[in-house]
Amino acid sequence: MTTMTETSARFREFKMPDVGEGLTEAEILKWFVQPGDTVTDGQVVCEVETAKAAVELPIPFDGVVHELRFPEGTTVDVGQVIIAIDVAPGGGDAPAPAAAAPAQEPVEAPEAEAEPKGRTPVLVGYGVAESSTKRRPRKGAAAAPEAAAVAAAVQAELNGHGAPAPAAVPPQSGAPAGGRPLAKPPVRKLAKDLGIDLATVVPTGKDGIITREDVHAAAAPVAAETPAAVASPAAPAPAVTEAPGVVSDSARETRIPVKGVRKAIAQAMVGSAFTAPHVTEFVTVDVTRTMKLVAELKEDKDMAGVRVNPLLVIAKALLVAIKRNPEVNAAWDEVNQEIVQKHYVNLGIAAATPRGLIVPNIKDAHDKTLPQLAEALGELVATARDGKTSPAAMAGGTVTITNVGVFGVDTGTPILNPGESAILAVGAIKLQPWVHKGKVKPRQVTTLALSFDHRLVDGELGSKVLADVAAILEQPKRLITWA
């Protein structure tokens, strides 16, 4: 997708790019520049958050910032102009910047003045339509009130004749003859959340496309008739009744919008839990020798400059177990009804960040030596904590490790990362009484839990993988004899 347009010889516009894999929108987290600032090609101007990660956006040309189209906290559709740059400062008086759009309802930014002859912009799901060459009408703050007036008139007409809404939709409604209403995916979601039938919405966008403003306008009369049916996102939460006649203070609750990474996590986990049949197995293992190995590796000059911890050895143990049981490293292709065997391991490491849990992965982890694996782990964790993990770093994982032991938790039943076959949970390593060589002694003990997709991995295979990991951690020399 083209991310910049040229409105004149002097001003150039930069559009919100698709920084992920087919994502439709992103939230502007922070602007690093303001109007009047000088920018250079490649300079980062803002940070945005998609459904996958927070990403910094560089500007692709030099100039002076003329206008920021959206304030921080605004969710912007991919393809909308977010910043205008004066590439020829001093060449004349620039027009005054327009006021930034409100964060709750960003208006559509204007696109390039002229469309190519014979084609109209491609709307996802509708392909390319033929049209004549004409300018795209610019939309401002007046679009929403006009749409509201039209929608109100239509609703009043319907109410006056008592006709059911779907049957009385005028020809200029959002539903083309014999087809579904034209609207972008975010607009469809908005209509669904507000309980609005798109077939009853009067479109004001080009070529009969329904916009956000059209949906909000259609929702206004509905809200007036049934105020309790649709709750405005900006409306205060209703008070919670704790006992008859006693209402809690609104200050006792905090409502946090679910969006960005956290929203994607929720959707992915629900999808995984209800599509892949999970099976979880557990094993408790004496890792005293592994802890001694970790202490020795910290003093090894070949490991200088990299972080050595139990997770490093556990990761290497899992890679060896996968090598011994390669069938576990696979994926389920629902469309083609096939099991896709992976001959590489992109090892995911679950990382807790301020924006939620993310799972970046180490590409081709199976080919890395222990020092290389340690270095990759260190970079992955540091990048995740800084919130700089890219969407590419989280794509293509095959197997994941989640270390719940850092929170003092013994174990858990982890949910598979979507598209993966197995996930290993590592519990806290604690000093416990353990029977060792016929005597009860204090030993370093932990519990491992392996969840796997039962469509791909049967009980025997899953048990073998988990048993191999446990055996290596109990006797780390197997890293050499089994590798």
Side-chain angles (χ1 to χ4, degrees), residues 279-322 324 347-353 357 359 362 365 369-371 373-378 380-382 384-385 399-415 422-452 462-483:
V279 173
T280 305
E281 295 186 340
F282 308 88
V283 64
T284 302
V285 57
D286 177 3
V287 295
T288 304
R289 292 186 177 90
T290 288
M291 297 305 291
K292 290 181 180 179
L293 175 61
V294 169
E296 293 172 358
L297 289 174
K298 289 182 178 179
E299 303 299 326
D300 194 313
K301 64 179 182 180
D302 292 332
M303 301 297 289
V306 296
R307 185 179 181 184
V308 178
N309 55 23
L311 180 61
L312 171 63
V313 181
I314 294 169
K316 192 65 175 179
L318 179 58
L319 292 171
V320 172
I322 293 173
R324 287 167 55 84
L347 182 62
I349 304 294
T353 73
L357 186 72
V359 188
I362 301 172
T369 64
L370 197 63
L373 187 61
E375 182 178 2
L377 271 172
L380 179 147
V381 172
R385 286 177 178 171
V399 178
T400 290
I401 295 177
T402 178
N403 184 9
V404 297
V406 297
F407 305 108
V409 176
D410 291 334
T411 190
T413 53
I415 297 178
I423 179 171
L424 178 70
V426 182
I429 299 175
K430 299 179 179 179
L431 196 64
Q432 298 183 21
W434 193 264
V435 178
H436 178 68
K437 295 182 180 180
K439 297 181 180 180
V440 177
K441 296 183 178 180
R443 305 286 287 182
Q444 298 283 351
V445 178
T446 190
T447 300
L448 307 175
L450 183 72
S451 291
F452 49 86
S463 299
K464 285 182 177 180
V465 172
L466 185 59
D468 280 357
V469 174
I472 293 171
L473 297 181
E474 187 174 13
Q475 293 284 353
K477 65 182 182 182
R478 292 190 172 105
L479 286 173
I480 300 174
T481 58
W482 286 3

Could you check if a side-chain atom of [X] sits within less than 4.5 angstrom of a side-chain atom of [Y], using non-hydrogen atoms only?
| X | Y | answer |
| --- | --- | --- |
| F282 | D410 | no |
| T411 | V404 | no |
| V426 | T402 | no |

To the nearest 0.5 Å, tell me how far [X] [atom1] sits from [Y] [atom2].
| X | Y | atom1 | atom2 | value |
| --- | --- | --- | --- | --- |
| L319 | I362 | CG | CD1 | 8.0 Å |
| T400 | I349 | OG1 | CD1 | 7.5 Å |
| N403 | L424 | CG | CG | 9.5 Å |
| T288 | I429 | OG1 | CD1 | 9.5 Å |
| K292 | Q444 | NZ | CD | 10.0 Å |
| T290 | K316 | OG1 | NZ | 14.5 Å |

To check you understand the geometry: which heavy-atom pair defines the closest contact between [X] and [Y], and what is its length?
| X | Y | answer |
| --- | --- | --- |
| P476 | R289 | CD-CB, 3.6 Å |
| G412 | A425 | O-CB, 4.5 Å |
| A470 | V285 | O-CG2, 3.4 Å |
| A365 | L373 | CB-CD1, 4.4 Å |
| A321 | V469 | CB-CG2, 3.7 Å |

Please name all residues satisfying salt bridge (Lys or Arg N to Asp or Glu O under 4.0 Å) with R324, sequence neighbours left out, ordered by chain then number.
D468
Can you tell me if T280 uses its side chain to pair, donor with acceptor, with the backbone of L450 under 3.5 Å?
no
Does S451 use its side chain to pair, donor to acceptor, with the backbone of P414 at less than 3.5 Å?
yes
Scan the side chains in residues 297-314 for donor-acceptor partners under 3.5 Å anywhere in the protein, sequence neighbours excluded, and list what turns up.
unit_1, atom_1, unit_2, atom_2, d
D300, OD1, D302, N, 2.8
N309, OD1, L311, N, 3.3
N309, OD1, L312, N, 3.1

Let's go through L466 and F452 carefully: what are the C-alpha distance in whole Å and the side-chain angles of both, what is the deciding distance for side chain to side chain contact (heavy atoms under 4.5 Å, CB included) to 0.1 Å, and is it a yes or a no?
CA-CA 11 Å; L466 185 59; F452 49 86; over 6 Å; no
